[in-house]
Structure formats: structure tokens, C-alpha cells
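What's counted below: heavy atoms across the whole structure, side chains too, no hydrogens, waters or symmetry copies. Numbers restart at 1 for each chain; the letters A, B, ... are given by sequence-line order, proteins then strands.
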There are 2 protein chains.
Amino acid sequence: MATDLLDATFAALADPTRRAILTRLAAGEATVTELAAPFHMSQPAISKHLKVLERAGLVSRGRDAQRRPCRLEARPLKDAVDWLEGYREYWEESYQRLDALLTRLRESEGGEG
Amino acid sequence: MATDLLDATFAALADPTRRAILTRLAAGEATVTELAAPFHMSQPAISKHLKVLERAGLVSRGRDAQRRPCRLEARPLKDAVDWLEGYREYWEESYQRLDALLTRLRESEGGEG
DNA sequence: TAGTTTCATAACCTTATGGTTTTGTACTCG
DNA sequence: CGAGTACAAAACCATAAGGTTATGAAACTA
């Protein structure tokens, strides 16, 4: 529906650093410095990535003294999956063909040897 | 796994024109001119979008005289969904909380009213 | 009060994106 | 052969993306 939201969500997911941040946040809240640690990248770079994630609604932030703990907001991911699910039949097509092939092979095996 | 492929897939999906193209292709093969028709956008622009989709492995192209029919290749979408599925529990969390709430409500109703 | 930690903002650079128009190529049809 | 169709490729432009360093503000700490 809200194509802009989908745009922002998919765009946010298109960067490996941001996906890694989401993965980290799945384990629980984390501060910016904690999130930045695993990467050899400056802190402002991480802050920019967080802003992208925030604009996509994938991250929300709290306040704990001078820290700004980040939290995963997974809801937009559901919209992304919902969109993608519309194509499931297309990537499962090959399995259907494989099923059909295996069935035919089994039949001919049974009939001929 | 192949993070580059995921990058390319999500990036390709981040554009509404490209998502529309995929939607169109789900209905069957189409030529570039056919794909371009619904958009007020030049043909080269569509060709560029198609190249992005092709690089992400979401579209393959045949040959029919001077036409280059495009075909949906949905396989990379499965990888995208597989990645996203890792987060399902997080967007379903609220439903879990709702379940817990409803359970508690039902219990107190049963016990007190 | 002064110093440190945590983070954001600004300014800047380079490359990528998304669009354009123009041109070129390959094929078909008359 | 010549004209038209279908598409790609080139050249160009404006803006966005992803990174940097330098600076600044807010809050804790000694």
C-alpha cells in the first residue's frame, strides 16, 4: 500500500551494514557506540545508517543519560514480506516442476525396472 | 549468505517502478516497449531499470526478432524472504503479547465474573 | 568547574542513481 | 534497397548515498 514505506524499507535493507545492525538489535537494545564497535567505520557513519533505519521505521530510540539506546522495530519487515509473498508461487514453480519430474521418474522406474 | 546478491535484490526492490515491472511480469513475459507503456518515462529509463533487475537476477531476457522479451525470475525473492523470516518473531511479538493479555483477561473473567 | 563520554551535525568528497536526449544497431517489412 | 520498429548505449545532468574529519552539545564524573 504505502509505496513510500516499502521504498524506504527495501532501501534500508539494501545495505549490509544496516542489515547487520538489525541482526544485532534482534539480540536486544544497543547504544550507538555498541553498534559501531564491530565495524571499521566512523561513528558518524553508523549514525547515518541509524537515521536511514529510523526513517524506515525499523529502529526506534530511547534516552538513557547521554546514551540513545536503539531498539528493533520489526513491523515494516512484515509489509516487505507481505509484498514478497505475492511472488511465492513463482519461486516455488521450479519445485513444482521438480516434483512433477520426480513423480514421472518414479513412475517410469516402477514400470520399467 | 551471498550478501551481494541480497544487496542487489533489496536495492532493486527499493524502486516503485521496478516493483511495478515485476508485478507486470508476474502476469507473463513482456517486451521492453510493453513494460514501458504504463509509465511516463522514456524507453531508455525503463531499459536501465531492467538492467538493475537483471543484475539482481530478477529478470531474464529472451530474443524474438528485434524484441527482447523479459521474464520474471523469482528465485532471489526467496532469499529475501528467507532473510526476513528470521525476524518474524519480532513483528509477531505484539500478537504474542496480545495473546498473553487475552489469556489473562479470560482467566480473570472465568475466575471473577 | 573541568574533563570525559556519547552522540549528532556540518562540511566536504566521491560514486551511484535515476532521469533525460541523442545516436546507433539489428531486425522486419514493403 | 529503404523505411520503420525495438531496443541498447553514450553523453550528460541533478541529486542521493555512503563515507570521511572536524566540531559541538548534553550529560555524567572527578
Side-chain angles (χ1 to χ4, degrees), chain A residues 3-25 28-73 76, chain B residues 3-25 28-73 76:
Chain A
T3 156
D4 290 357
L5 216 275
L6 264 190
D7 289 4
T9 302
F10 282 130
L13 294 175
D15 186 283
T17 302
R18 288 193 291 263
R19 288 200 305 276
I21 289 177
L22 292 183
T23 301
R24 165 64 187 79
L25 288 180
E29 286 193 7
T31 67
V32 176
T33 353
E34 283 165 0
L35 289 173
F39 306 98
H40 30 168
M41 205 181 293
S42 65
Q43 166 261 312
I46 300 295
S47 281
K48 277 195 185 183
H49 282 303
L50 286 172
K51 204 189 288 187
V52 172
L53 290 166
E54 207 176 356
R55 272 196 23 229
L58 289 165
V59 155
S60 65
R61 348 201 32 179
R63 163 81 62 186
D64 167 26
Q66 69 269 70
R67 262 146 281 139
R68 305 292 312 277
C70 299
R71 197 174 145 59
L72 175 66
E73 298 290 340
Chain B
T3 157
D4 290 357
L5 215 276
L6 264 189
D7 290 2
T9 303
F10 282 130
L13 294 174
D15 187 283
T17 301
R18 288 193 292 262
R19 288 201 305 277
I21 289 177
L22 293 181
T23 301
R24 165 64 187 81
L25 289 180
E29 286 194 5
T31 68
V32 176
T33 352
E34 283 166 359
L35 289 172
F39 306 99
H40 31 168
M41 205 180 294
S42 66
Q43 166 261 311
I46 299 295
S47 281
K48 279 194 184 185
H49 281 303
L50 287 172
K51 203 189 291 187
V52 173
L53 290 167
E54 208 176 355
R55 270 195 23 228
L58 288 164
V59 155
S60 65
R61 346 197 39 174
R63 160 87 56 192
D64 166 27
Q66 69 272 67
R67 261 145 280 138
R68 307 292 313 277
C70 299
R71 199 174 144 58
L72 174 65
E73 298 290 338

Quiz item: How close or far is atom C1' of C:dG18 from atom CZ of B:Phe39, stated in whole angstroms?
Solution: 14 Å
Practice problem: Only counting residues at least two apart or in another chain, list the ones meeting side chain to side chain donor-acceptor pair (under 3.5 Å) with B:Thr23. | Solution: A:Tyr87
Quiz item: CG of B:Asp7 versus C1' of D:dA17: gap in Å, rounded?
Solution: 14 Å
Exercise. Establish, with yes or no, whether the OP1 or OP2 oxygen of D:dA8 is under 4.0 angstrom from a side-chain nitrogen or oxygen of B:Ser47.
Key: yes
Quiz item: Between B:Arg61 (CZ) and C:dA26 (P), how many Å, whole number?
Solution: 16 Å
Practice problem: Please figure out whether A:Ala11 or B:Leu50 has its closest DNA chain D nucleotide nearer the 5' end. | Solution: B:Leu50
Exercise. Would you mind telling me which of C:dG18, D:dA8, C:dA8 lies closest to the side-chain atoms of B:Arg18?
Key: C:dG18
Quiz item: Whole-Å distance between C:dA8 P and A:Leu53 CG?
Solution: 12 Å
Quiz item: Rounded to whole angstrom units, what separation is found between the NZ atom of B:Lys51 and the P atom of C:dG19?
Solution: 15 Å
Quiz item: Who passes side chain to side chain donor-acceptor pair (under 3.5 Å) against B:Arg19, sequence neighbours left out?
Solution: A:Thr3, A:Asp7
Exercise. Let me have a per-nucleotide readout for nucleotides 19-30 of chain D, 5' to 3', with B, S or -, counting only protein heavy atoms under 4.0 Å.
Key: BBBB----BS--
Practice problem: Only counting residues at least two apart or in another chain, list the ones meeting side-chain contact (heavy atoms from CB on, under 4.5 Å) with A:Ala20. | Solution: A:Phe39
Quiz item: Heavy atoms, side chains only, cut-off 4.5 Å: are A:Val59 and A:Glu73 in contact?
Solution: no
Quiz item: Among all residues two or more places apart in sequence or in another chain, which pass the salt bridge (Lys or Arg N to Asp or Glu O under 4.0 Å) test with B:Arg61?
Solution: B:Glu54
Quiz prompt | Under the side chain to side chain donor-acceptor pair (under 3.5 Å) test, residues paired with B:Gln66 that sit two or more places apart | solution = none
Practice problem: Could you tell me the separation between the CD atom of B:Glu34 and the P atom of D:dA6, rounded to a whole number of Å? | Solution: 9 Å
Quiz item: Which whole-number value in Å describes the distance from B:Ile21 CD1 to C:dG18 P?
Solution: 11 Å
